[in-house]
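In each ligand, atom 1 is the first atom listed, and ligand 1 is the first ligand listed.
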Amino acid sequence: MSDMSCPDPAIASRRANLVGIGRGELAAEMAAFGAEPFRASQLWHWIYHRGAADFAVMTSLAKGFRERLAAHYALRRPAVAGAQVSADGTRKWLLRFADGQEVETVHIPEADRGTLCLSSQVGCTLNCTFCHTGTQRLARNLDAAEIVGQVMLARDALGEWPSPRDDRQLTNIVLMGMGEPLYNYDNVAAALKIVMDPEGLAISRRKITLSTAGVVPVIARVGAELGVNLAISLHAVTDALRDRLVPLNRKYPISDLLDACRNYPGASNARRITFEYVMLKGVNDSPEEARELVRLLRGIPAKVNLIPFNPWPGAPYECSTEAAIAAFSEILFDAGYSAPVRTPRGRDIAAACGQLKSASLHPRLAASA
Ligand code: SAH
C-alpha cells in the first residue's frame, strides 16, 4: 500500500486521494501540479484500467514524477474488514473506511454475468419496516471515492485487472446495497461517471441499475444526467399500505412516483423500468393486489421483479408461500409483464436483499454467525 511507504502516518493521512475525483478534476489537479496534460490521462489509465494501488508501479511515468506524486497524493481503497463466501458463490465484503465506518458490498455470480451490489450510505434514513438495513440509523453518506472504491475492491478480489473486455466476472452494477442512493445523489453521480468512463472501469450505463424507494424530485436527473437503468422499490399498491412499508411514501405517494416513472428520460420498451415488489405473506401478496399492480403500471414501460422476503432476526414479516408468489407472477405475466421471481442469493451469509447491516454495530449477531 502506498500509505505504508510514507514514513510519517500523519502526513500520509493528509495526502489528497486521487481515487474518486472525476476526469476533469484530475486534469485540473495535474495542471496545478505542473504536469503535462497527457499525464492526467496516463494516471487515469493506471488507476481505473490497470487498477494501480501504488504510484510505484506506474512504469510509463518517470521515476521522479512517481515519487513526487506519492509524496503529495494517495490512491486509497477501503480496507476489507471481513469477507464471506456463500455456498452459492455469492461473496460479501465488509469494508471499513478511514473514520471506522463500515458498509457491505456483495458480488453475485451467475452463468453469463456477475453483478456487484453497491452501498451508498452507512445505514439508512428510510426505515422501511421489512428491511434490516432500515433498522440501522444513518451514520453518514459515502463519498464518491468510497463508492468507486467498492468497485475497485471487487476487481482486486476477483483478479480483474486490467479491466477485462470479455468474460468479466463483474459485468453489472446495482445500487441496491445499504442506503438510499437518491439521498446521496451528488456522490453517487460522481462515482457512476467514473465507473462508466470507457477508458477506465468501463461498465456501461446499460449494465448499471439504480434502485430507489422513490425520491421523486431526483428521479428525472438520474435519467438525464446518468442514463442508467431505474428500479423502483414499490412493494405495495395502495398508499395506506405503502405508507406503512416504505414510510417515504408519506412524502411522495404512489401517483407522484408513477408520474415520475412515466416521464423518466430514456425509458422505452427496450429499456424498461424495474418495479421491485417484496413478497410478504398475507400483507401485499393477494391476487387482487397483483391485478391492481397491472392497472397502476399501465402506460409505463415496466417489468416487475418479485423478491421473496429475506428474513432477519426479529423481522415482523414472513415470506409469502411459493403458491402465492406463483399466482401473483402469473397474473402479471398474463397481462404482458415479465415478472420473474428473484432467486434469493447469499442468504446463508446474510448477503441477500435487505439483509445488509454493519456487523460492527451488531457484535452479538456477528459473533454467532
Ligand atoms: N434504498 C434503495 C436501495 C436499496 S435496494 C431502495 O429502496 O430501492 C434494496 C432492495 O431490497 C429494495 O428493493 C428493498 O425494498 C429490498 N429489500 C429490503 N429488505 C428486504 C428483505 N428483507 N427481503 C427482500 N427484499 C428486501
Identify the protein atoms, limited to N or O, that lie within less than 3.5 Å of an N or O atom of ligand 1, and list each pair with its distance to 0.1 Å.
from     : atom 1 : to     : atom 2 : distance (Å)
ligand 1 : 1 (N)  : Gly179 : O      : 3.1
ligand 1 : 1 (N)  : Glu180 : OE1    : 3.1
ligand 1 : 7 (O)  : Ser233 : OG     : 3.3
ligand 1 : 8 (O)  : Ser211 : OG     : 2.6
ligand 1 : 8 (O)  : Thr212 : N      : 3.4
ligand 1 : 8 (O)  : Ser233 : OG     : 2.6
ligand 1 : 13 (O) : Ser233 : OG     : 2.7
ligand 1 : 13 (O) : Glu276 : OE2    : 3.2
ligand 1 : 15 (O) : His235 : NE2    : 2.5
ligand 1 : 22 (N) : Phe130 : O      : 3.0
ligand 1 : 22 (N) : Asn310 : O      : 2.9
ligand 1 : 23 (N) : Asn310 : N      : 2.8
ligand 1 : 23 (N) : Cys353 : O      : 3.4

For Tyr48, enumerate each residue passing the ring pair (Phe, Tyr, Trp, His ring centres under 6.0 Å) test, keeping only those at least two apart in sequence or located in another chain. Trp44
Partners of Arg244 by salt bridge (Lys or Arg N to Asp or Glu O under 4.0 Å), sequence neighbours excluded? none
Is the ring centre of Phe275 less than 6.0 Å from the ring centre of Tyr337? no
Angle between ring planes, Phe33 versus Phe65, binned at 30° and 60°: parallel, tilted or perpendicular? tilted
Hey, are Arg155 and Ser163 close enough side-chain-wise for a donor-acceptor pair under 3.5 Å? yes
Going by salt bridge (Lys or Arg N to Asp or Glu O under 4.0 Å), name the residues that satisfy it together with Arg23, two or more places apart in sequence or in a different chain. Asp197, Glu199
